[in-house]
J.: 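Encoded as structure tokens, here's the structure I'll be asking about.
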Amino acid sequence: MSESQSPPAGPDLALGVPIDTIASGTMLAGHVGDDAVLLARQGDEFFAIGATCSHYNGPLAEGLLVDGTVRCPWHHACFSLRTGEALHAPALAPVACWTTEQREGKVFVRAKEDRPPKPRVVPNRDHPQRIVIVGGGAAGFAAAEMLRRQRYEGGIVMLSDDKAPPVDRPNLSKDYLAGTAPEEWVPLRDDGFYADQKIDLRLACEVAAIDRARREVVTDGGDRIAYERLLLATGAAPVRLPLPGMDLPHVHTLRTLADSRAIIAQSANARTAVVMGASFIGLEVAASLRARGIEVHVVAPDERPMERVLGRQIGDFVRALHEEHGVVFHLQDTASAIQRDAVTLASGPTLHADLVVVGVGVRPRLDLAQHAGLAIDRGVSVDEYLQTNDANVFAAGDIARWPDRHSGAAIRVEHWVVAQRHGQVAALNMLGAGQRFDAVPFFWSQHYDVPINYVGHAERFDAIEVDGDIGSRDCVVRYVSGGRALAVASIYRDRESLLAELTMERESA
């Protein structure tokens with residue numbers, strides 16, 4: 001991700017701002033020298049922190065102040081006003097802090113200072129001496145980072161079957177695939193991070209089994225790695241269709257950095273592409289390939305894109321948006337075979353295809369947990385602390401099914417931000433924090449210049465309420481069951497998305 005900062009704008013906060021011009025609960029974006037700074041007031045206290053989110057540089061002044069924190073309007077990261085700490089993913093790095101001074105009816109922003117966050121879990125001798133994390137994705141990385149942020153000094157072994165260190169996976173189908181983000185933005189941390197933090201990251205490492213009786217993880221190579229606490233974060237694998245030609249070299253799924261690189265390499269000489277699947281990954285890939293000037297055909301059995309999750313209205317809007325950009329849809333149809341330069345549809349026609357991307361969903365990788373005898377219910381069953389039926393084993397991310405307090409049901413979701421937040425809470429609880437996971441699920445999807453934010457979780461809904469105009473790209477859409485909004489989607493209504501998230505949190509508290 002980019003580490004550039006927004007250019008300084010607004011008032012010079014070092015010169016002071018009249019106190020009575022900043023009401024309690026409000027924020028002001030300004031600068032101190034070349035640094036963009038956010039000045040926030042809560043009651044009689046003033047706080048000054050970096051004005052841009054450390055995730056994708058979202059403008060924090062357009063976000064929401066909540067109980068000593070500020071939430072980013074773009075992807076719902078959350079920062080402490082006192083320390084700048086990134087309290088909730090997707091941001092993992094803190095923002096800077098400055099001191100403030102009130103004098104002669106003005107508030108002045110003074111010196112930048114280092115305010116290291118206090119650990120939420122006090123280190124003690126009862127902490128496990130070694131924690132093993134199986135998985136190198138969002139949940140696994142967030143857990144390892146949080147353990148070190150809490151000043152945990154024990155051993156951390158992170159086993160990933162990927163050949164690349166943990167990456168910003170949403171970028172793989174969005175900006176990086178479109179060619180608008182360089183590859184140096186994709187790693188979550190540079191290679192030196194793992195050595196500096198004493199995280200034993202083992203790449204291309206396949207785990208064959210978990211020996212719960214001996215508290216050991218067994219690798220394909222026969223190594224046995226002891227643990228006191230184990231986090232399973234094995235993620236999900238793309239669904240592969242049982243089609244002739246699925247193994248041809250121009251046919252790809254998308255999950256890893258290697259997958260995205262392969263699609264980019266193939267796209268260099270491709271004139272036409274067929275994307276199978278009209279949900280989030282499939283359509284993000286379609287938009288990215290159109291950005292590269294490739295003719296794109298989307299094949300899917302659905303009547304309209306994304307209808308199952310986002311409903312008919314947004315589904316129709318998304319289809320029209322993609323058609324405006326030249327995408328050709330073949331809906332209520334499927335592929336019957338893939339050839340070296342074509343895809344044959346079940347309805348009969350043949351589409352020319354130099355490149356085929358299959359984005360028809362993923363399946364949670366449950367084999368390890370199942371063979372270890374952990375409780376399984378359409379995912380690894382965990383309690384509100386993300387603990388399995390084995391007190392020494394936690395699960396997080398795409399595989400975990402947890403009791404969601406807002407919907408009142410056990411749910412499993414495949415969202416990047418949820419996986420990161422799972423990892424953070426699991427890390428705290430492996431150190432004995434006893435913190436419930438009660439975050440409201442959130443994800444975002446990007447289609448050309450149109451972002452769609454979604455908070456909550458509605459597997460079913462009996463009504464859809466639209467506030468605003470979907471076609472004008474200015475709306476909030478509520479998914480209602482029994483008169484209660486279980487989820488909210490929005491387009492360019494970022495603050496209302498944050499307010500919906502806060503309302504859901506407070507309803508389930």
Side-chain angles (χ1 to χ4, degrees), residues 1-118 149 417 420-421 442 444 451 453 455 490 492-502 505:
M1 68 198 73
S2 170
E3 294 181 357
S4 63
Q5 297 295 314
S6 302
D12 185 341
L13 301 176
L15 300 179
V17 178
I19 290 174
D20 57 10
T21 63
I22 306 175
S24 178
T26 65
M27 299 175 281
L28 174 66
H31 67 95
V32 175
D34 292 332
D35 292 317
V37 176
L38 177 74
L39 181 63
R41 180 177 183 178
Q42 291 212 311
D44 293 329
E45 287 189 282
F46 287 87
F47 305 92
I49 63 172
T52 52
C53 178
S54 62
H55 176 232
Y56 282 0
N57 297 324
L60 295 181
E62 297 175 18
L64 191 65
L65 289 180
V66 182
D67 300 331
T69 69
V70 60
R71 302 188 182 195
C72 178
W74 287 1
H75 305 131
H76 295 211
C78 179
F79 298 89
S80 167
L81 292 174
R82 292 190 183 278
T83 67
E85 182 185 4
L87 298 174
H88 303 304
L92 299 173
V95 292
C97 291
W98 283 259
T99 58
T100 64
E101 178 188 8
Q102 297 180 49
R103 181 168 52 85
E104 298 175 352
K106 289 186 175 183
V107 57
F108 298 83
V109 177
R110 298 303 194 192
K112 184 188 290 190
E113 63 175 9
D114 182 22
R115 301 181 192 173
K118 294 181 179 179
R149 199 192 306 181
V417 175
Q420 288 182 307
R421 293 178 180 178
F442 167 82
W444 81 95
N453 284 0
V455 294
S490 64
Y492 288 118
R493 292 277 193 96
D494 294 337
R495 185 173 171 82
E496 289 177 66
S497 178
L498 285 170
L499 287 168
E501 179 182 60
L502 180 62
E505 287 174 1

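If you're wondering where the values come from, they're calculated on a predicted model, not measured in any experiment. The analysis underlying the following values was restricted to heavy atoms, covering all of them including side chains, and did not include hydrogens, waters or symmetry mates.
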J.: Kindly say whether Thr100 contributes a backbone atom to a donor-acceptor pair with the side chain of Arg110 at under 3.5 angstrom?
T.: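 Not at all, since once roles are kept as given, no pair shorter than 3.5 Å links the two residues.
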
J.: Side chain of Ser54, backbone of Ala93: donor and acceptor closer than 3.5 Å?
T.: yes

J.: Under a 4.5 Å cut-off applied to non-hydrogen side-chain atoms, are Thr52 and Leu60 in contact?
T.: no

J.: Can a salt bridge be assigned to the pair Glu85 and Arg115 using a cut-off of 4.0 Å between side-chain N and carboxylate O?
T.: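 Arg115 and Glu85: not salt-bridged.
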
J.: Any side-chain heavy-atom pair from Arg495 and Leu64 closer than 4.5 angstrom?
T.: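 Answer yes - side chains close enough.
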
J.: For the backbone of Gly68 and the side chain of Gln42, can you confirm whether one donor and one acceptor N or O come within less than 3.5 Å of each other?
T.: yes

J.: Please give me the minimum heavy-atom distance between Gly63 and Met27, naming the atom from each residue.
T.: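 Closest approach of Gly63 to Met27: O-CE, 3.6 Å.
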
J.: For the pair Thr83 (side chain) and Ser80 (backbone), establish whether a donor and an acceptor sit closer than 3.5 Å, ignoring hydrogens and angles.
T.: no

J.: Can you measure from SG (Cys53) to CZ (Phe79) and round to the nearest 0.5 angstrom?
T.: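 Between atom SG of Cys53 and atom CZ of Phe79 there are 4.0 Å.
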
J.: Given the rule in the side chain to side chain contact (heavy atoms under 4.5 Å, CB included) test, do Glu45 and Arg82 qualify, once you have shown the distances and angles that lead to the verdict?
T.: CA-CA 10 Å; Glu45 287 189 282; Arg82 292 190 183 278; 2.9 Å; yes

J.: Measure the shortest side-chain to side-chain distance between Pro451 and Tyr492 over non-hydrogen atoms and say whether it is less than 4.5 angstrom.
T.: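 In short, these two side chains touch, coming nearer than 4.5 Å.
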
J.: Apply ring pair (Phe, Tyr, Trp, His ring centres under 6.0 Å) to Phe47 and list each qualifying residue two or more places apart in sequence or on a separate chain.
T.: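 Phe47: no ring pair (Phe, Tyr, Trp, His ring centres under 6.0 Å) contacts found.
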
J.: Hey, are the side chains of Ile19 and Phe46 touching, using non-hydrogen atoms and a 4.5 Å cut-off?
T.: yes

J.: For a salt bridge (Lys or Arg N to Asp or Glu O under 4.0 Å) check, start with the C-alpha distance between Lys106 and Glu104, then their side-chain angles and the critical distance, and finish with the verdict.
T.: CA-CA 6 Å; Lys106 289 186 175 183; Glu104 298 175 352; over 6 Å; no

J.: Looking only at heavy atoms, which two atoms of Ala48 and Val37 are closest? And how far apart?
T.: CB-CG1, 3.9 Å

J.: Check Pro73 against Glu62 and note the closest heavy-atom contact, atom names and distance.
T.: CB-O, 3.6 Å

J.: Any heavy-atom pair between the side chains of Asn453 and Phe442 that's under 4.5 Å?
T.: yes

J.: Please report the shortest heavy-atom distance between Leu92 and Arg149, naming the atom on each side.
T.: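 The answer is O-NH2, 3.4 Å.
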
J.: Main chain of Ala111, side chain of Thr99: is a donor-acceptor contact present, judged purely on distance under 3.5 Å?
T.: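 Here the side-chain-to-backbone pair exists.
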
J.: Within the 3.5 Å criterion, strictly below it, is a donor on His76 or Ser497 matched to an acceptor on the partner's side chain?
T.: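 There is such a pair (donor and acceptor under 3.5 Å, judged by atom type) between the side chains of His76 and Ser497.
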
J.: State the CG-CD1 distance between Leu39 and Ile22, to the nearest 0.5 angstrom.
T.: 4.5 Å

J.: Within the 4.5 Å heavy-atom criterion, are His75 and Val417 side-chain neighbours or not?
T.: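 His75 does not reach Val417 side chain to side chain.
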
J.: With sequence neighbours left out, write down each residue that passes salt bridge (charged side-chain N to carboxylate O under 4.0 Å, His left out) with Arg71, or none if nothing qualifies.
T.: Glu501, Glu505

J.: Between Asp12 (side chain only) and Ala14 (backbone N and O only), is there a donor and an acceptor less than 3.5 Å apart?
T.: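 Yes.
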
J.: Side-chain contact, heavy-atom cut-off 4.5 Å: Leu38 with Leu28?
T.: no

J.: When rounded to the nearest 0.5 angstrom, what distance separates CG in Leu498 from SG in Cys72?
T.: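 The SG atom of Cys72 is 8.0 Å from CG of Leu498, to the nearest 0.5 Å.
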
J.: Closest heavy-atom contact between Asp114 and Pro116?
T.: O-CD, 3.4 Å

J.: Could you tell me whether the side chain of Leu65 reaches within less than 4.5 Å of the side chain of Leu81, counting heavy atoms only?
T.: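 Yes - at least one pair of side-chain heavy atoms lies under 4.5 Å apart.
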
J.: Check for me whether the distance between the ring centres of His55 and Trp444 falls short of 6.0 Å.
T.: yes

J.: Could you tell me whether the side chain of Arg41 and the main chain of Gly43 form a donor-acceptor pair under 3.5 Å?
T.: yes

